[in-house]
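Since this is a predicted model, take the numbers as computed values, not measurements.
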Amino acid sequence: MDILIKIPMILASIGLVLATSSFISGLQLIKVKRSSVDGIIHRINGYCSVVLLSSVAISSFIINGIHLWAFLGWVSALGLISLKISIVRRRSRRAFKYVSWIGASMILIWLYVLITNIPL
């Protein structure tokens, strides 16, 4: 059972690093074309971040059971990622000013996930 507690913490640490590097590459992506190396790195980090967030959520449900507030928290985190993707897909330059704020809040989400998964 001890290993089940440490795996979410390791995944949350990796997710925090991916979210931070994705935020930095996303800020650099504003200045260049979408098909650049920064765009590819940003997209790969985003996919890995969603997979890690889903796997930490599933492991949390396995370890702690499904509670309403925990479920709403995980759904809102995935909803924030979906909101960011929908804003970017609109390709409106006016909406891009909100994407950096959402990216920064995703770092805060991963920091919260990391803190809540540290075993006491």
Side-chain angles (χ1 to χ4, degrees):
M1 187 68 169
D2 190 38
I3 191 73
L4 289 176
I5 295 172
K6 291 181 182 178
I7 289 175
M9 184 180 68
I10 293 169
L11 292 177
S13 300
I14 294 170
L16 180 63
V17 170
L18 284 175
T20 305
S21 66
S22 179
F23 178 69
I24 292 169
S25 65
L27 289 177
Q28 293 172 350
L29 186 62
I30 293 173
K31 298 177 185 175
V32 296
K33 290 185 178 180
R34 189 176 177 153
S35 62
S36 68
V37 175
D38 288 329
I40 294 169
I41 290 171
H42 184 71
R43 186 169 289 177
I44 290 172
N45 284 344
Y47 289 141
C48 292
S49 180
V50 169
V51 168
L52 284 174
L53 189 70
S54 301
S55 63
V56 171
I58 291 169
S59 67
S60 172
F61 292 145
I62 290 171
I63 293 171
N64 301 325
I66 298 177
H67 301 290
L68 178 65
W69 288 110
F71 181 74
L72 290 176
W74 290 111
V75 168
S76 65
L78 288 172
L80 187 69
I81 293 171
S82 304
L83 177 67
K84 181 180 181 240
I85 291 171
S86 67
I87 289 173
V88 170
R89 298 224 185 247
R90 287 185 192 157
R91 299 181 194 256
S92 169
R93 296 302 291 174
R94 197 173 115 212
F96 275 177
K97 64 182 177 181
Y98 301 112
V99 174
S100 62
W101 285 98
I102 294 174
S105 64
M106 288 170 50
I107 292 174
L108 293 175
I109 287 171
W110 273 110
L111 186 61
Y112 178 75
V113 169
L114 177 65
I115 289 171
T116 57
N117 284 299
I118 293 175
L120 298 174

Kindly give the heavy-atom pair with the smallest separation between Ile66 and Phe71, and that separation in Å.
CG2-CB, 4.5 Å
Can you hop from Leu108 to Met9 via hydrophobic side chains spaced under 4.5 Å?
no
Straight-line distance of Cys48 SG to Leu11 CG, nearest 0.5 Å:
11.5 Å
If I compare all heavy atoms of Leu114 with all of Ala12, which pair ends up nearest, and what's the gap?
CA-CB, 3.7 Å
Closest approach of Ser22 to Gly46 (non-hydrogen atoms, all atoms of both residues)
OG-N, 4.5 Å
Are Leu83 and Leu78 joined in one hydrophobic group, where the rule is that I, L, V, M, F, W and Y side chains link up if heavy atoms are under 4.5 Å apart?
yes
Test of understanding: clusters of I, L, V, M, F, W, Y form through side-chain heavy atoms closer than 4.5 Å, transitively. Do Ile7 and Val50 belong to the same one?
yes
How many angstroms lie between atom CD1 of Ile81 and atom OG of Ser86, to the nearest 0.5 angstrom?
12.0 Å
What heavy-atom pair brings Leu18 and Ser49 nearest, and what distance separates the two atoms?
CD1-N, 4.3 Å
Let's go through Leu53 and Trp110 carefully: what are the C-alpha distance in whole Å and the side-chain angles of both, what is the deciding distance for side chain to side chain contact (heavy atoms under 4.5 Å, CB included) to 0.1 Å, and is it a yes or a no?
CA-CA 8 Å; Leu53 189 70; Trp110 273 110; 3.7 Å; yes
Identify the residue among Ile109, Val113, Ile115, Ile107 that makes a side chain to side chain contact (heavy atoms under 4.5 Å, CB included) with Leu111.
Ile115
Parallel under 30°, tilted from 30 to 60°, perpendicular over 60°: which one fits the rings of Phe61 and Trp74?
perpendicular
Check: Val56 main-chain N/O paired with Ser60 side-chain donor or acceptor under 3.5 Å
no
CD1 on Ile40 to NE2 on His42, rounded to 0.5 Å
12.5 Å
Same cluster (ILVMFWY, side-chain, under 4.5 Å), Met106 and Ile24:
no
To the nearest 0.5 angstrom, please state how far the CG atom of Leu16 sits from the OG1 atom of Thr20.
4.5 Å
Under a 4.5 Å side-chain heavy-atom rule over Ile, Leu, Val, Met, Phe, Trp and Tyr, are Ile10 and Leu52 clustered together?
yes
